[in-house]
Novice: 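I am attaching a structure below and will ask some questions about it afterwards.
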There are 2 protein chains.
Amino acid sequence: MDTPRTVRDEDFLRLDHQICFSLHAATRAFNSVYRTALKDLGLTYPQYLVMLVLWEHGELPVKRIGEHLRLDSGTLSPLLKRLEAAGYVERRRSAEDERSVTARPTPAGTELRERALGVPRRIAAATGMRLEEVRELRARLNELTTALDAAESAAYPDGCATEDDTAGG
Amino acid sequence: MDTPRTVRDEDFLRLDHQICFSLHAATRAFNSVYRTALKDLGLTYPQYLVMLVLWEHGELPVKRIGEHLRLDSGTLSPLLKRLEAAGYVERRRSAEDERSVTARPTPAGTELRERALGVPRRIAAATGMRLEEVRELRARLNELTTALDAAESAAYPDGCATEDDTAGG
DNA sequence: GGCGATTTAGTTGTGCACAACTTAATTGTG
DNA sequence: CACAATTAAGTTGTGCACAACTAAATCGCC
């Protein structure tokens, strides 16, 4: 059976407007709450994400940070420079591989973690959701991201055969 | 009872990393899929959202567009100028209120709608989700956005007393 | 060893999001 | 009517996201 045609394109246009827009809106609402919560720390939300990664892993090459956060050097390089200018991270060329640059928290950056400990609870309170719900939603979003990535890379068939592995729902 | 302390701040930091990051990642994955789907039309995703609104409502003041999309003039003014430069919308001062500027699709902008009809289906296919699931997720995200907005405006008590109404959950 | 391909950061340019501000028109109140 | 307050767009500046590109180091293969 090829796609049950219960929905017309016209209606789809409106639905579409709502689903993806909801995601967009939620992200921006989150950013707004984070902006407020992080103002005292002098961090933006993406900078906070980078610091979370560095607090957890210690010293990391830019490449690895990018893998954790799905960001490339075009985004991370200037961001890390700003974090360095703020005194929160140190950057240096790796000795064993001169292509690589590693970043790690400075003492000030490490101290910052203490002040950041209260942030997640504030955010959690702002969502009004219980842990269960948060987990549930997170799982859904991760599935969604995986599906979208698969579809996107299928649209750009650069290497691997796609062998409809998107079915894993 | 004041917040059951089953979770330590430390653990919360990690959870937090995951929930909000998931949202962030999903949004960007969506944007990426849209970028591909909209490339032929010469639209970015936010431009597409604006066109959706204009296709649905016809002529609208910038203010109204912003209300539909939660965007302010700082974002919309340059965006609408680009859409105007692309020949998809017309802008003009309102006659009855000279403060207001209205935007509406040009003939080319209206034609564009036909070419955009296939987009939502492509996106829906990329998500790999059924309509039910989409609706469910959308509802969750809308709840989340509402909660976040409420918490945010409570943090900036500009008018209404806050009277701990955030407890609803 | 030499040399092309790959990998890693970084740069440049475009566009979005938003805070803070400016300008101009309208509204409300005395 | 006059004038302060409000409202609507637009401008400016900062930062993020990403495509496309450059520069330098490393790897692989002959």
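So that the names make sense, note that chain A is the first sequence line, chain B the second, and so on, each numbered from 1.
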Novice: Give a yes or no on whether a salt bridge exists between E67(B) and R64(B), defined as a side-chain N under 4.0 angstrom from a carboxylate O.
Specialist: yes

Novice: Measure from the side-chain heavy atoms of S77(B) and tell me the nearest of dA9(D), dA9(C), dA25(D).
Specialist: dA9(D)

Novice: Rounded to whole Å, how long is the line connecting atom CZ of R91(B) with atom P of dG10(D)?
Specialist: 5 Å

Novice: Name the nucleic acid region contacted by D97(A), choosing base, sugar-phosphate or nothing; use a 4.0 angstrom heavy-atom cut-off, strictly under.
Specialist: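 If one applies the 4.0 Å heavy-atom cut-off, D97(A) turns out to touch the sugar-phosphate alone, with no base involved.
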
Novice: May I ask you to say what P78(B) touches in the nucleic acid, namely base, sugar-phosphate or nothing, with a heavy-atom cut-off under 4.0 Å?
Specialist: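 Counting heavy atoms under 4.0 Å across all strands, no contact is made by P78(B).
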
Novice: What integer distance in Å separates E67(A):CD from dT7(C):C1'?
Specialist: 12 Å

Novice: Between dG15(C) atom P and E84(B) atom CD, what is the distance in whole Å?
Specialist: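 Whole-Å distance recorded here is 15 Å.
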
Novice: Check whether any side-chain N or O of S100(A) sits under 4.0 Å from OP1 or OP2 of dA25(D), and answer yes or no.
Specialist: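 Checking S100(A) against dA25(D): no side-chain N or O falls below 4.0 Å of OP1 or OP2.
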
Novice: From the options dA17(C), dA17(D), dG10(D), select the nucleotide whose nearest atom is closest to the side chain of R93(B).
Specialist: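 Selected nucleotide: dG10(D).
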
Novice: Nearest-Å distance, CG (L49(A)) to P (dG15(D))?
Specialist: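 That distance rounds to 17 Å.
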
Novice: Just to confirm, is there a sub-4.0 Å distance from OP1 or OP2 of dT11(C) to any side-chain nitrogen or oxygen of K81(A)?
Specialist: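 Answer is yes, contact under 4.0 Å.
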
Novice: Is any side-chain nitrogen or oxygen of S32(B) closer than 4.0 Å to OP1 or OP2 of dC18(D)?
Specialist: no

Novice: Without decimals, in angstroms, what is the distance between L76(A) CG and dT11(C) C1'?
Specialist: 14 Å

Novice: Which residue lies toward the 5' end of DNA chain C, T75(B) or T75(A), if each is placed at its nearest nucleotide?
Specialist: T75(A)

Novice: Mark yes or no for a side-chain to base donor-acceptor pair under 3.5 Å between S73(A) and dG10(C), with no hydrogen or angle criteria applied.
Specialist: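 Yes.
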
Novice: For R140(A), is there an ion pair with E136(A) - N to carboxylate O distance below 4.0 angstrom?
Specialist: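 Here E136(A) pairs with R140(A) in a salt bridge, since their nearest N and O are under 4.0 Å apart.
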
Novice: For the pair made of CD in E96(B) and P in dT27(C), what is the distance, rounded to whole Å?
Specialist: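 Answer to the nearest Å: 11 Å.
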
Novice: Assuming nearest nucleotide by heavy-atom distance, tell me which of E98(B) and L71(B) is located more 5' along DNA chain C.
Specialist: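 Closest to the 5' end, via its nearest nucleotide, is L71(B).
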
Novice: Starting from C1' on dC18(C), measure out to CG on L79(B) and report it in whole angstrom.
Specialist: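 Rounded to the whole Å, the gap is 14 Å.
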
Novice: Could you work out which one of dC18(C), dT26(C), dA9(D) sits closest to the side chain of K63(B)?
Specialist: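 When the side chain of K63(B) is considered, dA9(D) is the closest of dC18(C), dT26(C), dA9(D).
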
Novice: Would you call E98(A) and R93(A) a salt bridge, taking side-chain N to carboxylate O under 4.0 Å as the test?
Specialist: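 Salt bridge between E98(A) and R93(A), a charged N being under 4.0 Å from a carboxylate O: no.
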
Novice: Looking only at the side chain of R99(A) (C-beta and beyond, no hydrogens), which of the listed nucleotides dG10(D), dA17(C), dT6(C) gets closest?
Specialist: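 Looking only at side-chain atoms, R99(A) lies closest to dT6(C).
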
Novice: Between atom CD in E152(B) and atom C1' in dA19(C), what is the gap in whole Å?
Specialist: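 It is 13 Å, rounded to the nearest whole Å.
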
Novice: Do NZ/NE/NH1/NH2 and the carboxylate oxygens of R92(B) and E84(B) come within less than 4.0 Å?
Specialist: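 Answer for the salt bridge query: no.
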
Novice: For atom CZ of R91(B), is the number of surrounding heavy atoms from other residues, nucleotides or ligands below 6.0 Å larger than 12?
Specialist: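 Counting other residues, nucleotides and ligands, CZ of R91(B) exceeds 12 neighbours.
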
